[in-house]
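For reference, the structure discussed in these notes is given below.
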Amino acid sequence: MAPTGRAALLAALGSLPVGIWEPGWTGLLAVNAPLAVACACDYALAAPVRTLGLTRSGDTSVRLGDTADVTLTVTNPSRRPLRARLRDAWPPSSWTAGAEAEASRHRLTIPAGERRRVTTRLRPTRRGDRQADRVTVRSYGPLGLFTRQGTHKVPWTVRVLPPFTSRKHLPSKLARLRELDGRTSVLTRGEGTEFDSLRAYVPGDDTRSIDWRATARQSEVAVRTWRPERDRHILLVLDTGRTSAGRVGDAPRLDASMDAALLLAALASRAGDRVDLLAYDRRVRALVQGHASGDLLPSLVNAMATLEPELVETDARGLTAAALRTASRRSLIVLLTTLDATPVEEGLLPVLSRLTQRHTVLLASVADPHVASMAGGRGDVDAVYEAAAAAQAHTERDRTAEQLRRRGVTVVDATPEELAPALADAYLALKSAGRL
């Protein structure tokens, strides 16, 4: 079959002698004037790239695991049509493995004086701010023999937010909350309950709930019902120190703590409580205070998005002082930190009384599910040694948790998948018992 188009032209030109010149030589070895003219014309007809106008629009935030679309508008102000390949470069953590080549490279043709849009789809693999790197444009002539290439800086930032995977548990926790919140009022009065209503006495009711004055005014015995008080203060304290960097599965412990904190914040705000956030290691990394219920979750995920574990030992004394400054009145302080023996015994326990004498303290820690799987191994000598190590680690965590409980701290120790619902259940248990 006979060649056509550019292939035919190149074949025809290639049959002529090629002009070659080297420095120091006395002249040309051969001359191919038609090929040189064709290349020069092709280069001259390629649209310039440095005068292109580029602007961005699109998503500025996305949850980890979702996709974000960033649109690039390219304007060709020259008098020549643009035939180009374009690469919109982003950091490697903006893509899933193997997806960059397909997502960031585009072909486009723009007539003179017109504009076109191309969309780059990002699927981030890490939290934080992802900055656009640069846009590289390669402009081709009509024959494709020569190209013009240039790069442009077109700034854009996409903030990757925590995924909040535990939100699937929110409906069931809200159903339990409604049972506590007046629709099915509790019958016992505690420190954190307030009067709700009167109803007729039924066998089994606590006689201490009988309202004798109301009973005297009617023909049947009336009892008081109580409901958990609203407007309690909850301070979520994220430990961002060295221990939060340990990876459990595919993510650091800090990510599991964030997920649990978001579920608790969503639940507590629906209960009418006020929620603040403090992230600390040796200094305050994030502080969210005083937000209304409707603004709380967006503010929390925005503050958590850029948090990363710091490879330093957490200053427990400084963390305690910061928590006390943030919680000026009696509050529920939720410490999302480690249950490892050394950081707790040497750091937290000596200063814990400063928190417990003024506040209700709940400590939540991420357990490694691999340790539990190691504990059941018996197949060979290595498995037996691993099982012994897992049993020892489990015993140490239980001993540390018991030390905290003796000091009045409620302890939640669960795997990443179970931590968020377990922490929400602990909050509901404290609320129903009137301890908030």
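Since the structure is predicted, the reported quantities are computational estimates derived from the model, not experimental observations.
To the nearest 0.5 Å, atom CG of residue L82 and atom CG of residue L52 are 5.5 Å apart. The CZ atom of R242 sits 13.5 Å away from the CD atom of E310 when rounded to the nearest 0.5 Å. Note that the CG atom of D425 and the CG atom of L267 stand 9.0 Å from one another [nearest 0.5 Å]. Here the CD atom belonging to E308 is positioned 5.5 Å from the CZ atom belonging to R126, to the nearest 0.5 angstrom. Atoms CZ and CG, on R354 and L324 in that order, are 5.5 Å from each other to the nearest 0.5 Å. Annotation: the span from L278 atom CG to R325 atom CZ amounts to 8.5 Å, rounded to 0.5 Å.
By the salt bridge (charged side-chain N to carboxylate O under 4.0 Å, His left out) test, E396 pairs with no residue at all, sequence neighbours left out. Applying the salt bridge (charged side-chain N to carboxylate O under 4.0 Å, His left out) criterion to D255, with sequence neighbours excluded, gives R127.
Looking only at side-chain heavy atoms (C-beta outward), R117 and V74 stay at 4.5 Å or farther from each other. For the pair L108 and I110, the minimum side-chain heavy-atom distance is below 4.5 Å. Looking only at side-chain heavy atoms (C-beta outward), L277 and L287 stay at 4.5 Å or farther from each other. Residues L263 and L423 fail the side-chain proximity criterion, which asks for heavy atoms closer than 4.5 Å. The side-chain heavy atoms of I234 and R274, taken from C-beta on, include no pair separated by under 4.5 Å. Residues L254 and L336 have side chains not in contact (no heavy-atom distance under 4.5 Å, counting atoms from C-beta outward). Side-chain contact check for H394 versus D398: some heavy-atom pair is nearer than 4.5 Å. The side-chain heavy atoms of T395 and Q392, taken from C-beta on, include no pair separated by under 4.5 Å.
Checked by atom type and distance alone, the side chain of R407 pairs as donor or acceptor with a backbone atom of Q403 at under 3.5 Å. S166 contributes a side-chain N or O that, together with a main-chain N or O of D259, makes up a donor-acceptor pair within less than 3.5 Å. Between the side chain of T326 and the backbone N or O of A322, at least one donor-acceptor pair lies under 3.5 Å. When atom types are taken as modelled, the side chain of R130 and the backbone of P124 share no donor-acceptor pair closer than 3.5 angstrom. Side-chain N or O atoms of D276 include one that pairs as donor or acceptor with a backbone N or O of G290 at under 3.5 Å. A distance-only check finds a donor-acceptor pair linking the side chain of H152 to the backbone of V49 [under 3.5 Å]. Using a distance-only test at 3.5 Å, with no hydrogens or angles considered, a donor-acceptor pair links the side chain of S365 to the main chain of L339. Counting only distance, with no hydrogens or angles, the side chain of H169 and the backbone of P421 share no donor-acceptor pair below 3.5 Å. Of the possible polar contacts, none joining the S139 side chain to the T147 backbone as a donor-acceptor pair under 3.5 Å is found. The closest donor-acceptor contact from the side chain of K153 to the backbone of D133 lies under 3.5 Å.
Residue R247 places its CZ atom among more than 12 non-hydrogen atoms of other residues, nucleotides or ligands, all under 6.0 Å distant. Under a cut-off of 6.0 angstrom, the local environment of CZ in R115 is sparse, with at most 12 non-hydrogen atoms contributed by other residues, nucleotides or ligands. By the 6.0 Å contact criterion, CZ on R329 is enclosed, its count of non-hydrogen atoms from other residues, nucleotides or ligands being greater than 12. Atom CZ of R107 has 12 or fewer heavy atoms from other residues, nucleotides or ligands within 6.0 Å. In this structure, R317 places its CZ atom where only 12 or fewer heavy-atom neighbours from other residues, nucleotides or ligands lie under 6.0 Å away. Residue H291 qualifies as enclosed at atom NE2: its count of foreign heavy atoms under 6.0 Å is above 12.
Residues R330 and T360 bring a donor and an acceptor atom of their side chains to less than 3.5 Å of each other. Checking T120 against D69 by side-chain atom types alone, no donor-acceptor pair falls below 3.5 Å. For the residue pair H233 and D273, no side-chain donor N or O sits within less than 3.5 Å of a side-chain acceptor on the partner. Checking D239 against T314 by side-chain atom types alone, a donor-acceptor pair falls below 3.5 Å. Defined by atom type and a distance below 3.5 Å, a donor-acceptor pair is present between the side-chain atoms of N302 and R159. Remark: the D281 side chain and the T240 side chain contain an N/O donor-acceptor pair separated by less than 3.5 Å.
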**Message:** Please determine whether side chain to side chain contact (heavy atoms under 4.5 Å, CB included) holds for the pair V62 and L161, giving the CA-CA distance in whole Å, both sets of side-chain angles, and the decisive distance to 0.1 Å.
**Reply:** CA-CA 6 Å; V62 61; L161 307 174; over 6 Å; no
**Request:** Take V135 and R87 through the test side chain to side chain contact (heavy atoms under 4.5 Å, CB included) and record every step on the way to the result.
**Result:** CA-CA 6 Å; V135 177; R87 181 173 184 263; over 6 Å; no
**Request:** Test side chain to side chain contact (heavy atoms under 4.5 Å, CB included) on T55 and V154 and set out the steps.
**Result:** CA-CA 7 Å; T55 58; V154 191; 5.7 Å; no
**Request:** Check the pair K431, R232 against side chain to side chain contact (heavy atoms under 4.5 Å, CB included), reporting the backbone distance first and the verdict last.
**Result:** CA-CA 10 Å; K431 203 168 186 65; R232 303 294 89 186; 4.3 Å; yes
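With R80 as reference, P48 is the one residue of P142, P48, P111 to meet the side chain to side chain contact (heavy atoms under 4.5 Å, CB included) rule. The side chain to side chain contact (heavy atoms under 4.5 Å, CB included) with L335 is formed by just one residue from the set L319, L236, L362, V409; it is L319.
A salt bridge does not link R282 to E313: none of the charged nitrogens lies less than 4.0 Å from a carboxylate oxygen. With salt bridges taken as basic N to acidic carboxylate O contacts below 4.0 Å, one links R399 and E345. Salt bridge status for R397 with D340: present, with a side-chain N to carboxylate O gap under 4.0 Å.
Smallest separation of non-hydrogen atoms from A305 and V160: CB-O, 3.4 Å. Taking every heavy atom of both residues into account, P416 and V248 meet most closely at CG-CG1, 3.5 Å. Residues P162 and M258 come closest through the heavy atom pair CG-SD, 4.4 Å. Among all heavy-atom pairs drawn from V361 and T356, the shortest one is CG2-CG2, 3.9 Å. Of all heavy-atom pairs spanning P298 and G294, the tightest one is CD-O, 3.9 Å. Minimum heavy-atom separation, L262 to L300: CD2-CB, 3.9 Å.
Within the structure, side-chain hydrogen bond (donor to acceptor under 3.5 Å, both in side chains) contacts touching residues 56-68 (residues at least two apart or in different chains) are R56-D88.
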